[in-house]
Amino acid sequence: RRIALSLIAAVVMLGGLYAFTVSPDPVAGRFGQTMRDLTGSDGRLPLWGDAARSAAAFAATGSGLLAFEQVFPALRTHEDPQLRTHAHNDYIELAAEMGLPGLVLALFLLARFLRDAARGASRHAGGGEEPLVRGCALGGIAAAAALAFHSFFDFNLHVPANLLTLALVCALALPAPRIFLNHGPQR
């Protein structure tokens with residue numbers, strides 16, 4: 001355990017050292033561009049506001065899956081030279097396309113996955129007899145949490161490779177205690 005912590009500390013220190021040796025100009029320029037992309041007149045914040053209005057207009061049932069591209073132009077309030085096919089926020093787009101029931105269902109499934117994977121990880125944390133089980137569960141939690149966070153800023157789940165990877169990670173993380181330990185269904 002001490003060796004693992006020392007290795008992690010060394011990697012963090014090397015990463016920090018590398019960050020200080022790289023010229024700050026490209027990094028600062030990229031952060032500046034990101035802020036312009038977020039807050040500009042054709043940035044994501046105005047887009048999210050209009051997409052949220054679209055979600056409110058179809059709150060009960062949604063406008064239909066993959067209908068954002070057709071519905072959004074009629075409801076937007078700001079001029080945007082680009083044709084927007086996605087809201088660049090999976091949660092707002094899900095609410096617009098599937099309504100609040102679809103958004104609530106998706107958030108429930110995410111929470112249920114995180115809860116079940118955390119239970120699978122903690123059940124085997126103390127004894128350490130099956131580190132593979134714990135690793136699968138913790139890896140699934142980390143991957144799902146990272147994708148859930150990134151979904152606030154982009155439309156990750158509309159990319160088939162991302163969705164397939166998430167499904168595979170969930171499949172590996174949840175049944176891991178049953179597969180590796182042969183204890184039957186977990187309660």
Side-chain angles (χ1 to χ4, degrees), residues 34-35 37-40 42-78 80 82-125 133-180 184-187:
T34 300
M35 289 307 296
D37 289 347
L38 187 63
T39 60
D42 62 344
R44 293 191 180 184
L45 288 179
L47 172 65
W48 292 342
D50 284 348
R53 280 187 280 288
S54 175
F58 299 99
T61 60
S63 60
L65 278 175
L66 303 176
F68 184 85
E69 184 177 357
Q70 286 76 33
V71 174
F72 179 72
L75 298 173
R76 72 177 177 200
T77 60
H78 73 286
D80 189 352
Q82 300 179 30
L83 172 64
R84 299 295 183 157
T85 58
H86 296 284
H88 291 276
N89 181 314
D90 273 335
Y91 303 105
I92 295 174
E93 188 166 342
L94 187 65
E97 292 182 346
M98 294 185 65
L100 289 179
L103 179 63
V104 168
L105 177 64
L107 292 175
F108 169 76
L109 292 174
L110 175 65
R112 177 75 190 258
F113 165 76
L114 293 174
R115 183 198 72 181
D116 290 350
R119 282 183 179 171
S122 66
R123 184 172 293 129
H124 303 286
V133 173
R134 185 169 189 234
C136 285
L138 290 175
I141 291 169
L147 195 59
F149 177 75
H150 194 217
S151 289
F152 279 110
F153 304 101
D154 219 342
F155 50 95
N156 297 305
L157 298 179
H158 286 80
V159 177
N162 291 348
L163 192 57
L164 183 60
T165 302
L166 179 63
L168 179 62
V169 164
C170 291
L172 288 173
L174 285 182
R178 291 189 297 256
I179 292 171
F180 294 114
Q186 300 293 319
R187 298 185 198 267

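When all heavy atoms of Val169 and Ala143 are compared, the closest pair comes out as CG1-CB, 3.8 Å. Heavy-atom minimum distance, Ala51 versus Ile92: CB-CG2, 3.4 Å. In terms of heavy atoms, Cys136 sits closest to Ala173 at O-CB, 3.5 Å. Taking every heavy atom of both residues into account, Phe113 and Ala144 meet most closely at CE2-CB, 3.5 Å. Residues Leu94 and Ala106 share a closest heavy-atom pair of CD2-CB, 3.3 Å. Between Leu103 and Ala95, the closest heavy-atom pair is CD2-CB, 4.0 Å.
Distance alone, capped at 3.5 Å, places no donor-acceptor pair between the Glu93 side chain and the His86 backbone.
Taking CG of Asp50 as the start and CG of Leu45 as the end, the distance is 11.5 Å to the nearest 0.5 Å. Atom CG of Leu105 is separated from atom CE of Met98 by 6.5 Å, given to the nearest 0.5 angstrom. From Leu168, atom CG reaches atom CG of Leu163 across 11.5 Å, with rounding to the nearest 0.5 Å. To the nearest 0.5 angstrom, Phe58 atom CZ is 14.0 Å from Arg53 atom CZ. Atom CG in Asn162 sits 5.5 Å away from atom CG in Asn156 (nearest 0.5 Å).
Listed by chain and number, the residues in a side-chain hydrogen bond (donor to acceptor under 3.5 Å, both in side chains) with Ser151 are Asp90 (sequence neighbours excluded).
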Tabulate below the donor-acceptor pairs under 3.5 Å that side-chain atoms of residues 62-75 make, not counting sequence neighbours, or state none.
| from | atom 1 | to | atom 2 | distance (Å) |
| --- | --- | --- | --- | --- |
| Ser63 | OG | Ala96 | O | 3.1 |

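Ring geometry for Phe152 against Tyr91 counts as tilted: the plane angle lies between 30° and 60°, on a 0 to 90° scale.
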key: Derivation and outcome, side-chain contact (heavy atoms from CB on, under 4.5 Å), residues Trp48 and Phe153   = CA-CA 10 Å; Trp48 292 342; Phe153 304 101; 3.8 Å; yes

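The list of salt bridge (charged side-chain N to carboxylate O under 4.0 Å, His left out) pairs with a residue in residues 97-113, not counting sequence neighbours, reads Arg112-Asp116.
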